[in-house]
Amino acid sequence: MILKDEYDTVERVAGADVAYIKDRAVCALVVLDFASLNVVKEVVVETKVTFPYIPTFLAFREIKPIAKALKKIGKKSFDILLIDGHGIAHPRRLGIASHIGVLIKKPTIGVAKKLLYGKLKKDPNPISEIISDNEILGYALKRKNYNPIYISPGNMITPKSALSIVKRTIKNKLPEPIKIAHNLANLHKRKCR
DNA sequence: GCGACAG
DNA sequence: ATCTTGTCGC
Ligand SMILES: [Mg+2]
């Protein structure tokens with residue numbers, strides 16, 4: 001894991017999420033133009049579920065479908081990848097965003113809807129650092145009347161840069177890449193039933 | 001030993 | 001995350 005900024009231009013930001021149908025996982029991966037937030041590429045893949053959900057081990061459950069989607073879309077089609085789940089804001093500093101970042105050797109950022117590890121330095125409205133052991137793991141952001149979201153580096157990026165990138169992709173609560181990937185995965189699921 | 005616990 | 005329609009509120 002590299003916790004420094006290891007990227008230059010950010011023109012395309014990707015987002016991934018996984019939905020489930022019994023023992024099948026549906027992963028949607030979308031790539032957006034960072035400036036316009038328009039979708040420029042998207043893929044949906046399916047795999048069989050091979051691991052149960054166990055808190056702190058989410059990566060073992062979702063890495064298969066996400067890796068398959070990454071292989072299909074091409075790792076060169078984006079500069080940074082946003083993952084639904086935590087990065088280093090994790091008891092072993094190795095959440096799913098970090099796991100995937102190390103796997104593909106690219107910058108990744110974890111964006112979660114609930115806090116798993118660490119404490120907030122202050123009220124998250126409008127923003128707070130996520131702290132553990134006197135170290136900044138990431139940030140909690142609260143917008144409007146929405147519940148807060150939690151942002152932490154996955155790989156090859158600092159907490160501050162991760163916050164900056166994610167902020168610029170937010171329209172309402174969730175960053176667009178994550179929101180669109182989530183919707184696409186669920187649409188594919190509905191269409192199937 | 002008890003409680004908390006991403007998706 | 002999932003089961004599951006309408007409904008309240010920004
Ligand atoms: Mg998810």
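- Side chain of A:S98 to backbone of A:N155: no donor-acceptor contact under 3.5 angstrom is found.
- The CZ atom of A:R61 sits 19 Å away from the P atom of B:dC5 (whole-angstrom rounding).
- The distance from atom CD1 of A:I109 to atom C1' of B:dA6 is 17 Å, rounded to the nearest whole Å.
- Neither OP1 nor OP2 of B:dG7 sits under 4.0 Å from any side-chain N or O of A:H86.
- Aromatic ring orientation, A:H86 versus A:Y150: tilted (interplanar angle from 30° to 60°).
- Looking at heavy atoms from C-beta onward, A:L174 lies in side-chain contact with A:K113 at the 4.5 angstrom threshold.
- In this entry the distance linking OH of A:Y20 with C1' of C:dC3 reads 17 Å, nearest Å.
- At B:dG7, one or more side-chain N or O atoms of A:K113 fall inside 4.0 Å of OP1 or OP2 (strictly under the cut-off).
- The A:N186 side chain lies nearest to C:dT2 when the options are C:dT2, B:dG7, B:dC5.
- Place A:K144 and A:A19 on DNA chain C by their nearest nucleotides, and A:A19 ends up nearer the 5' end.
- Distances shown here put every side-chain N or O of A:R24 at or beyond 4.0 Å from the OP1 or OP2 atom of C:dT2.
- Among the protein residues, A:I21 comes within range of no part of the nucleic acid, since none of its heavy atoms lies under 4.0 Å from any strand.
- The CG-P distance, from A:D17 to C:dT2, rounds to 9 Å in whole Å.
- Going from atom NZ of A:K64 over to atom C1' of C:dA1 covers 20 Å, rounded to whole Å.
- Put simply, CD1 on A:I149 is 17 Å from P on B:dA6, counting in whole angstrom units.
- In terms of phosphate contacts, A:Y117 brings no side-chain nitrogen or oxygen within less than 4.0 Å of OP1 or OP2 of B:dA6.
- Under the stacking criterion of a centre-to-centre distance below 5.5 angstrom and an interplanar angle below 30°, A:Y53 is not stacked against the six-membered ring of C:dA1.
- Side-chain contact between A:T169 and A:L32 is absent, with no heavy-atom pair separated by less than 4.5 Å.
- Look at CD1 on A:I96: it is 12 Å from C1' on C:dA1, rounded to the nearest Å.
- Rounded to whole Å, the distance from CG on A:D84 to P on B:dA6 is 12 Å.
- Contact annotation: the side chain of A:Y139 never approaches that of A:V166 to less than 4.5 Å [non-hydrogen atoms, C-beta and beyond].
- A:A89 comes within 4.0 angstrom of no nucleic acid atom, judged by non-hydrogen atoms across all strands.
- Note on A:R190: nothing from the nucleic acid sits closer than 4.0 angstrom, heavy atoms only.
- In this structure, A:V44 and A:L187 have side chains that are not in contact, with every pair of non-hydrogen atoms separated by 4.5 Å or more.
- In this structure, A:F51 reaches neither bases nor backbone, as no heavy-atom distance under 4.0 Å exists between it and the strands shown.
- When the nearest nucleotides of DNA chain C are assigned to A:N145 and A:R193 by heavy-atom distance, the more 5′-ward of the two goes with A:R193.
- Using a 4.0 Å heavy-atom criterion, one finds that A:H182 contacts the sugar-phosphate atoms exclusively.
- Between A:K189 and C:dT2, a side-chain N or O to OP1/OP2 separation shorter than 4.0 Å is present.
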